[in-house]
Amino acid sequence: MEIVILDSPKEVDEFVASQIVDLVKTKERPVVGFATGSTPVGAYNLMIEQYHLGKVDFSNLIAFNLDEYVGVKLDHPRSFATFMRTRLFDQINVKKENIYALDGSKQDLTQVCNEYEKLIENNQIDIQILGVGMNGHIGYNEPGSDLDGKTHVVDLQEKSITSSLNYGFTKIEEVPTKGITMGIGTIMKAKKLLMIAKGKDKKDIVKAMLEEPISSKIPSTIIRQHDNVIVILDKEAAGK
Ligand code: GLP
C-alpha cells in the first residue's frame, strides 16, 4: 500500500485526475470505476478541464458506477447516476453506451446485481476510485459486510443515511434506506484502487482504516490487502 499525503485538497484532486488521465491516454480500452460523494468531485472537474483543453480523449472510456440508492430512478435528481452524469459524464466525451450504472429502481434487483457482476467480470476495472464513509464503508458496503461479497443490496446504516443530507436531500425522511453496491470482493478485483480522503472530519476513520485490524467492522480496512492501492490524503485527513 502506498500512502500519499498532500498539502491541499487541490493537490489530491490533481493527483487523482492525473492517474485517470494517464490511464485513459495509455490504454486502448480503459475501465474506471467511479465513486460519488463530495471527495472525488475536484478530480472530476480537473478531468473535464483537461478534456476541454484537448489534452485527453475519453471516447474509449468504459465507466462503472460504484453504488446507488434503491428505489430511486436513474434519472432522479438525487441518484448517484445523475450525480455522475452531471458532474462528469455529460461534460466529457465518454460514450453513453459505455457508462454502466446500477439501477436501484428495478423490480428484480438480484438480476441487476448478477448482470453487473458479469459486466465487471468481462471488463476488469483498471482503476477503482473510492471514498470512505464516516463509518468506514466503501461503496455502500456497511460495517458487517461480507469481505468477499459481490454486488448486492444493503440496508443503509444511520450514519450513511444522515450523510446523504450532504448529497442534496433536504429531509431525512426522503433519504432511501437501502442501497445497491459493488461488493467488497468486486471492488478488490480492480487492478488498482485509489482511496481518497480529505478534510479533518475524515481523520479518525482514516486512522482506523489504516491501523485497525482488517475486518468487516471497518470495511475499508480491506483495501490494505490489495496489492496495488494508493491512499491519497490531504494533510487534514491524515491528521491522526
Ligand atoms: C457515500 C457513497 C460512497 C462515497 C462515500 C464518501 O455514501 N455511497 O460512494 O465514497 O459515501 O462520501 P464523501 O466523499 O461525500 O465523504
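Just follow the structure's listing: the first ligand is 1, and inside any ligand the first atom is 1. As the structure is a computational prediction, the values presented were derived from the model and not from experiment.
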Next on the checklist: Among Y140, F64, F89, F34, which residue satisfies the ring-ring contact (aromatic ring centres under 6.0 Å, His included) criterion with F80?
Outcome noted: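 By the ring-ring contact (aromatic ring centres under 6.0 Å, His included) criterion, F80 pairs with just one of Y140, F64, F89, F34: Y140.
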Number the atoms of ligand 1 from 1 as they appear, then name those within less than 4.0 Å of a heavy atom of [X], with their elements.
X	value
F80	8 (N)
G37	12 (O), 13 (P), 14 (O), 15 (O)
G139	3 (C), 8 (N)
G131	10 (O)

Which residue and atom name correspond to the protein heavy atom nearest [atom], and how close is it?
atom	value
atom 5 (C) of ligand 1	H137 NE2, 3.7 Å
atom 16 (O) of ligand 1	K202 NZ, 2.5 Å
atom 9 (O) of ligand 1	D67 OD2, 3.1 Å
atom 6 (C) of ligand 1	V132 O, 3.7 Å
atom 14 (O) of ligand 1	T39 OG1, 2.4 Å
atom 12 (O) of ligand 1	Y167 OH, 2.8 Å

Item to check | 4.5 Å side-chain heavy-atom contact, K202 and T39 | outcome: yes
Next on the checklist: Could you tell me if the side chain of I187 sits less than 4.5 Å from the side chain of L130, heavy atoms only?
Outcome noted: yes
Next on the checklist: Under 4.0 Å between a side-chain nitrogen and a carboxylate oxygen: does that hold for D13 and K198?
Outcome noted: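 Yes, charged N to carboxylate O under 4.0 Å.
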Next on the checklist: Within the structure, is a non-hydrogen atom of T36 found at a distance of less than 4.0 Å from ligand 1?
Outcome noted: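 It does; at least one heavy atom falls under 4.0 Å.
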Next on the checklist: Whether the Q157 and S160 side chains hold a donor-acceptor pair (N or O, under 3.5 Å, no angle test) is what I'd like checked.
Outcome noted: no
Next on the checklist: Quick check for you: to the nearest 0.5 Å, what is the distance between D103 atom CG and E115 atom CD?
Outcome noted: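 That separation rounds to 10.5 Å.
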Item to check | Residue pair Y100, Y116: steps toward the ring-ring contact (aromatic ring centres under 6.0 Å, His included) verdict | outcome: CA-CA 8 Å; Y100 298 104; Y116 214 59; 7.3 Å; no
Checklist entry - So, the side chain of D126 versus the backbone of V32: is there a donor-acceptor pair under 3.5 Å, distance only? => result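 Answer holds: no.
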